[in-house]
Amino acid sequence: YVGYGAFVVACPVLGADRLGGASHGVLLLSVTAAAALGTTGVMARRPPTWRAERTFGYATAAAAVAYLLVGTLTGPVLLVLGAVLLGVADGPQLASVFAIRQREAPERLRSQIFTTAASLKLTSGALGAFAGGALLDHGARDALLLAAGMQVLAVALSSSAPGGRPRTSRAMSR
């Protein structure tokens, strides 16, 4: 979510540089949200047959590519297509995080874990907005390279994380 925070603050600069006005940057947020909603809706009707960790990895890698595209390619059509790809990645990424959290969190602690995770998400987004905003002096490209780098780091960390299997108690495994 650090990456998304950097993307949000870069949108007015992208709008000004590539869409004819800073106020047009909101188009990128709208396109991203619509693509995320659509992709999540499709996944709800036709869920993947693989584990949520794989969805997370694919979606996070796709988000890294989207940030790179949005940050480096010129032209309004390519910019909007990059925002669509970001939304296509963002919806499944969030859904997979929820699925993993639901599966792994002990029922008695689930509400605390979800609340803490939401706080961490907001804090990460704010840190991304802060860092991305600081990089905007050099243009939106640097902020979006930061966003892409954070996605790559997330893929690397999630790939090396132990586990990946649902927890079971001894009583359940007998």
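- Contact annotation: the side chain of V26 never approaches that of P12 to less than 4.5 Å [non-hydrogen atoms, C-beta and beyond].
- By the criterion of side-chain heavy atoms lying less than 4.5 angstrom apart, applied directly or through intervening Ile, Leu, Val, Met, Phe, Trp or Tyr residues, F56 is not grouped with Y1; the two fall into different hydrophobic clusters.
- One distance of note links CG of L145 with CG of L135; it measures 9.0 Å at 0.5 Å rounding.
- In this structure, V31 is a member of the same hydrophobic cluster as V88, with clusters built from ILVMFWY side-chain heavy atoms closer than 4.5 Å.
- Between I113 and R110, every side-chain heavy-atom pair lies at or beyond the 4.5 Å cut-off.
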Practice problem: Could you go through the ring-ring contact (aromatic ring centres under 6.0 Å, His included) check for Y4 and F7 one step at a time? | Solution: CA-CA 5 Å; Y4 199 79; F7 171 70; 5.6 Å; yes

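- L146 CG to L153 CG: the interatomic distance, rounded to the nearest 0.5 Å, is 10.5 Å.
- Under a 4.5 Å side-chain heavy-atom criterion applied to ILVMFWY residues, the cluster that includes L127 comprises that residue alone.
- Between L69 and L81, every side-chain heavy-atom pair lies at or beyond the 4.5 Å cut-off.
- Nearest heavy atoms, T32 versus A83: OG1-O, 3.2 Å.
- Linking ILVMFWY residues whenever their side-chain heavy atoms come closer than 4.5 Å, directly or via other members, places L79 and V84 in the same cluster.
- Proximity of L144 to L14: side-chain heavy atoms (C-beta onward) are separated by under 4.5 Å at one or more points.
- Pairing each heavy atom of R101 with each of A117, the nearest pair is CZ-CB, 3.2 Å.
- With S96 contributing its side chain and Q93 its backbone, the two residues share a donor-acceptor pair below 3.5 Å.
- Using a 4.5 Å cut-off on side-chain heavy atoms (C-beta onward), L86 and V70 make no contact.
- The structure places CD of E53 at 10.5 Å from OG of S159, a figure rounded to the nearest 0.5 Å.
- The minimum heavy-atom distance between A64 and V152, with the atom names listed, is CB-CG2, 4.0 Å.
- Residues A143 and G132 share a closest heavy-atom pair of CB-O, 3.7 Å.
- Taking OG1 from T40 and CG from L94, the interatomic distance works out to 7.5 Å, rounded to the nearest 0.5 Å.
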Quiz item: Does the pair L28 and L19 meet the rule for a side chain to side chain contact (heavy atoms under 4.5 Å, CB included), with working shown?
Solution: CA-CA 10 Å; L28 300 173; L19 299 174; 4.2 Å; yes

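- Under the 4.5 Å side-chain contact rule for hydrophobic residues, L122 and F130 do not share a cluster.
- Counting all heavy atoms, side chain and backbone alike, A62 lies closest to A89 at CB-CB, 3.8 Å.
- A63 and Q151 get closest at one heavy-atom pair: CB-OE1, 3.6 Å.
- Side chains of T55 and M43 form a contact here, defined as non-hydrogen atoms less than 4.5 Å apart.
- Between R18 and L78 the shortest side-chain heavy-atom distance does not fall below 4.5 Å.
- Atom-to-atom distance recorded for T72:OG1 and Y67:OH is 14.0 Å, nearest 0.5 angstrom.
- There is a path of hydrophobic side-chain contacts, each under 4.5 Å, that joins V8 to L27.
- Between Q102 and E107 the shortest side-chain heavy-atom distance does not fall below 4.5 Å.
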